[in-house]
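Below is one structure, written out as structure tokens; the observations come after it.
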Amino acid sequence: MYQPEKLKARRKELKMTQKDIADQLGITYQAYSAWERGIKQPSRDKVKLLEQILNAPKGYFTEVEIVRLYNTLSDEGKNNALNYVRNLVQKEAYKNVVSISAKLYEYHVYEKMSAGIGSSVYNDQNYDTVYFHEELAHDFASWISGDSMEPKYQNGSVALIRETGFDYDGAVYAVVCNSQTYIKRVYREEHGLRLVSINLKYQDIFLSYDEDPRIVGIIVGNFVPMRL
């Protein structure tokens, strides 16, 4: 792979002008200048002449430096070089993992909340610790199980909830009723709340005001936890 920056650097090391080299090659100043700028590449024959004029080893202008040096080593030297590079790669990979992990945010996720038929209310103090690459404002988090709110809210994802009252029809809320918790689109009607799934295969659920349904909070976000 031709490397114009090395051609320019070597010429400057020898305190030569572009015209000096162009004259020795028998080409125009403009043609040589195009090589240094990477607009055009010299032919193989011209590369050999450049190596002679600039007193550079074979492959100096066409091979990546580490490759060129590697090719000059003995078999034992090549093996040592490979082992050294492998160790460097492993160290860099470890640094990247640490760097990524340092940017993750911790979430405490309480028992599963059903997006299908409902589950126990979120009064269990046991929680799972999961991580995500963004810090999202919320009051508490809970698991989503079931597919009634897919594709937007996936089974196994985390729902982020802000404890609030009713904001507007059609927003997605966590609703508690009869010791069950639901995550649904909520519509207020004259005699109760209508809970609507995003997945059209599920029928609406109607909760009468006589059953004392309580809107715990609005869903302000959701995510699939990152695997560490």
Side-chain angles (χ1 to χ4, degrees), residues 1-109 128-138 141 150-154 156-160 220-228:
M1 182 175 63
Y2 171 62
Q3 300 178 73
E5 67 281 357
K6 293 183 69 175
L7 177 59
K8 181 178 181 180
R10 183 58 178 164
R11 174 181 62 78
K12 288 190 172 184
E13 283 178 13
L14 299 178
K15 299 185 180 349
M16 299 178 69
T17 67
Q18 292 184 345
K19 188 175 185 306
D20 291 337
I21 300 176
D23 288 344
Q24 293 189 53
L25 290 171
I27 62 175
T28 65
Y29 158 79
Q30 291 83 356
Y32 175 82
S33 178
W35 293 350
E36 282 198 359
R37 287 179 289 147
I39 298 175
K40 294 184 178 181
Q41 297 185 19
S43 66
R44 290 184 180 181
D45 290 340
K46 287 294 190 290
V47 167
K48 290 180 181 179
L49 289 174
L50 285 170
E51 291 171 350
Q52 295 173 13
I53 295 170
L54 296 170
N55 193 24
K58 182 179 180 181
Y60 186 81
F61 301 117
T62 55
E63 293 180 350
V64 177
E65 183 70 6
I66 192 171
V67 174
R68 185 182 66 79
L69 294 174
Y70 175 82
N71 288 332
T72 66
L73 297 174
S74 65
D75 288 342
E76 181 180 358
K78 289 179 179 178
N79 187 56
N80 291 336
L82 282 174
N83 289 333
Y84 178 73
V85 172
R86 288 191 184 105
N87 288 333
L88 285 180
V89 170
Q90 290 177 352
K91 289 179 181 179
E92 289 295 323
Y94 175 75
K95 287 180 182 178
N96 289 337
V97 170
V98 172
S99 175
I100 292 172
S101 298
K103 297 177 183 177
L104 298 183
Y105 295 92
E106 181 178 297
Y107 292 81
H108 293 171
V109 185
D128 298 316
T129 300
V130 302
Y131 300 89
F132 193 55
H133 62 82
E134 293 183 48
E135 185 176 23
L136 304 172
H138 67 292
E150 291 188 352
K152 184 171 182 179
Y153 301 92
Q154 298 180 32
S157 64
V158 173
L160 301 176
V220 293
N222 71 296
F223 64 88
V224 176
M226 299 187 70
R227 296 181 180 180
L228 299 182

Set out, in order, the CA-CA distance, both residues' side-chain angles and the distance that settles side-chain contact (heavy atoms from CB on, under 4.5 Å) for V220 and L136, then state yes or no. CA-CA 9 Å; V220 293; L136 304 172; over 6 Å; no

Could you go through K46 and I27, starting from their C-alpha distance and side-chain angles, then the distance that decides it, and tell me whether this counts as side-chain contact (heavy atoms from CB on, under 4.5 Å)? CA-CA 10 Å; K46 287 294 190 290; I27 62 175; 3.9 Å; yes

K40 vs W35, test: side-chain contact (heavy atoms from CB on, under 4.5 Å). Steps then yes/no. CA-CA 5 Å; K40 294 184 178 181; W35 293 350; 4.2 Å; yes

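K58 contributes atom NZ, which lies 8.0 Å from atom CD of E51 (distance to the nearest 0.5 angstrom). Rounded to the nearest 0.5 angstrom, L50 CG and F61 CZ are separated by 6.0 Å. Remark: F132 CZ to L160 CG distance equals 9.0 Å, nearest 0.5 Å. A distance of 16.0 Å separates NZ in K6 from CZ in R11, rounded to the nearest 0.5 Å. Atom OG1 of T72 sits about 8.5 Å away from atom NZ of K78, to the nearest 0.5 Å. Rounding to the nearest 0.5 angstrom, the gap separating the CE atom in M16 from the CG atom in D23 is 9.5 Å.
In this structure, the side chains of N79 and D75 stay at 4.5 Å or more apart for every pair of heavy atoms. Residues L7 and L54 form a side-chain contact, since some pair of their non-hydrogen atoms from C-beta on lies under 4.5 Å apart.
Between E5 and K8 no salt bridge is recorded (no basic side-chain N to carboxylate O distance below 4.0 Å).
Closest approach of M226 and H133 over heavy atoms only: SD-N, 3.5 Å. Annotation for A159 and N222: closest pair CA-CB, 4.3 Å, computed over non-hydrogen atoms. Taking each heavy atom of P225 and V158 in turn, the nearest pair found is CG-CG2, 3.7 Å. Contact detail for A141 and H138: the closest heavy-atom pair is N-CD2, 3.9 Å. Pairing each heavy atom of R10 with each of Y60, the nearest pair is CB-CE2, 4.3 Å.
For E106, the CD atom sits in a packed shell: over 12 heavy atoms of surrounding residues, nucleotides or ligands are nearer than 6.0 Å. No more than 12 heavy atoms of other residues, nucleotides or ligands lie within 6.0 Å of NZ in K48, so this atom counts as exposed by the packing criterion.
The aromatic rings of F223 and Y107 lie tilted to each other, with the angle between the two planes from 30° to 60°.
Of the possible donor and acceptor atoms, one in the side chain of D20 sits under 3.5 Å from a partner among the backbone N and O of T17.
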